[in-house]
Amino acid sequence: MSAAEKPVVTRFAPSPTGYLHIGGARTALFNWLYARGRKGTFLLRIEDTDRERSTPEATAAILKGLTWLGLDWDGEVVSQFARKDRHAEVAHEMLARGTAYRCFSTQAEIEAFREAEKARGVSYPVFLSPWRDADPASHPDAPYVIRMKAPRTGETVIDDRVQGRVVIQNATLDDMIVLRSDGTPTYMLAVVVDDHDMGVTHVIRGDDHLNNAARQQMVYNAMGWEIPVWAHIPLIHGPDGKKLSKRHGATGLEEYQALGYPAAAMRNYLARLGWSHGDAEFFSDAEAKAWFDLDGIGRSAARLDFKKLENLSGQHIAATPDAELLPEIEAFLEASGQPALSQVQKTTLAKGLHALKERAKTFPDLIEKARFALVSRPVDIDAAAAKTLDPVFRGILTELTQGLQDASWTRETLEGIVSRVAGEHGVGLGKIAGSLRAALSGRTVSPSVFDMMLALGQEETLARLKDATA
RNA sequence: GGCCCGUUCGUCUAUCGGUUAGGACACCAGGUUUUCAACCUGGGAAGAGGGGUUCGACUCCCCUACGGGCUGCCA
């Protein structure tokens, strides 16, 4: 059974040298969707073999980011560093099989070689170790690295599900080091050993690894292991088409959380970046899992488009049931360091949510629009709103207040009363709504006045009206 | 420098030799409306350039340009 026929096992393997990059998040999403849509397994491995740059904080940030994005992994998180003995073991097995050899060339010698070659005009100096076929009896008692005995001629073909058939001339590749002189494994060895041991069937990763795949495939061959299905996906660029960097603002996943995009919207947006399923733009996780396929992945780099993310965000907020939305809003408040909602605020917000979510694009946007429900009396009325509360309209509002005193608190009744009062005074509904809006929210921009009255309740509504007309 | 990958509206993309090159976001105009949004209708907007192959190329091949990646005892 080939890797393509076995139960799917994918993995996300970030190196813990910083926050979870938006590009990495998408790679994780693709792996997750592929596995989850096929009843497969999605594993997580932290590539922490670079002891200089790896930090526990970065690992924690990555796990936190994935958790927020809703990408759950199976089993324990694997630490690549913890598996170093296994890596060394494989390197020595390669030695025993004759597919690797000890190389005693020093870094200084190799550097000197490269310099000399370049000076001679050789543009791609391939270091050929003199120890490749040396008699072990001639080995000095000195530090050495273990190099893979790579084929010198012919070509290595990467059969990639996204990039197609990619051919690399073996002559352009040197004998890569699999085990350093200090006995630690290099990345090229570690990934292969780990992917093999973890049973990974599909390697879905950024195309910055496309060239590496050729050398890694050689390790699979050297060990007689089955080659996984390769799928090298294009990278994500900033809005300007250039490589993603700090300068573009939001490059870390946690920044998107702080910006107030729902995780569901993030998954939807990221999935559409480089992948498509016909004309599907707005979809659920269930649909994404059912539709996601390697064939739908594009071959060119995509740019980040915050406008589209925002639009999708608004659609997801509107589509989320109130009962699920409220906890998400509270989580956002906490994540962005804002004060938690009081019981009263929560109750009022919950009642107005159905109307608010239709008009908000992000959580901060929703909070802003929910201002009327979050402030307490006396409501602060800004200058523009105060203009609508002139003596004439205050009189009308006073009358309206009386009319609302014993009203049954339903939309129909409220609309009836407000238009009746408007009619009696010969003013348009718009004018009276403006004053009402000012009294209830203190602003000239707010949700529908009826939605506000319903969310606020009779008691609070009347109290705010009395405050404004006093 | 070398090797590898890529190039359809401003952006994300559909198209898998024959379409008036479709959709979405954004933008513009109009409509609706108690404000703002939302919503509805309409509009402008694309195959990098040049050679082939073919009855016919956005689709296949080559070259150029541009963009990206790799080229470590980093991952």
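Throughout, protein chains are lettered first and strands after them, A, B, ... in sequence-line order, and every chain is numbered starting at 1.
For the pair V167(A) and M188(A), nearest-nucleotide mapping onto RNA chain B gives the more 5' position to V167(A). Where L210(A) and I110(A) meet RNA chain B, the nucleotide closest to each residue was compared, and L210(A) sits on the side nearer the 5' end.
The ring-ring contact (aromatic ring centres under 6.0 Å, His included) test applied to H202(A) returns Y34(A), not counting sequence neighbours. With sequence neighbours left out, the salt bridge (Lys or Arg N to Asp or Glu O under 4.0 Å) criterion links D175(A) to R132(A), R152(A).
When distances are taken from the side chain of S300(A) to each of rA75(B), rG6(B), rU11(B), the shortest belongs to rG6(B). Considering only side-chain atoms of Q163(A), the nucleotide from rG69(B), rC5(B), rG68(B) that sits closest is rC5(B). Side-chain atoms of S276(A) lie closest to rA14(B) of the nucleotides rA14(B), rG67(B), rG69(B). Minimum atom distance to the side chain of L273(A) is reached by rC12(B), of the listed rA75(B), rC73(B), rC12(B).
Residue T17(A) is classed as having no contact, given no heavy-atom separation below 4.0 Å to the nucleic acid.
Distance check on atom P: rC66(B) versus rC61(B) gives 22 Å, rounded to whole Å.
Of all heavy-atom pairs spanning A439(A) and R464(A), the tightest one is O-CB, 3.8 Å.
No hydrogens or angles were tested; on distance alone, a donor-acceptor pair under 3.5 Å links the side chain of S181(A) to the base of rC73(B).
Here rU15(B) sits opposite no nucleotide as a Watson-Crick or G-U wobble pair (both hydrogen-bonding atom distances under 3.5 Å). Under the Watson-Crick or G-U wobble criterion, with both distances below 3.5 Å, rC3(B) is paired with rG69(B).
Aromatic pair F12(A)/F42(A): centroids not less than 6.0 angstrom apart.
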Worksheet entry | Protein proximity profile, nucleotides 23-37 of chain B - base contact B, sugar-phosphate-only contact S, no contact -, cut-off 4.0 Å on heavy atoms | BBSS-------BBBB
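The aromatic rings of F104(A) and Y144(A) are tilted relative to each other, their planes meeting at an angle between 30° and 60°.
With respect to E89(A) and R86(A), a salt bridge is recorded, a charged nitrogen being found less than 4.0 Å from a carboxylate O.
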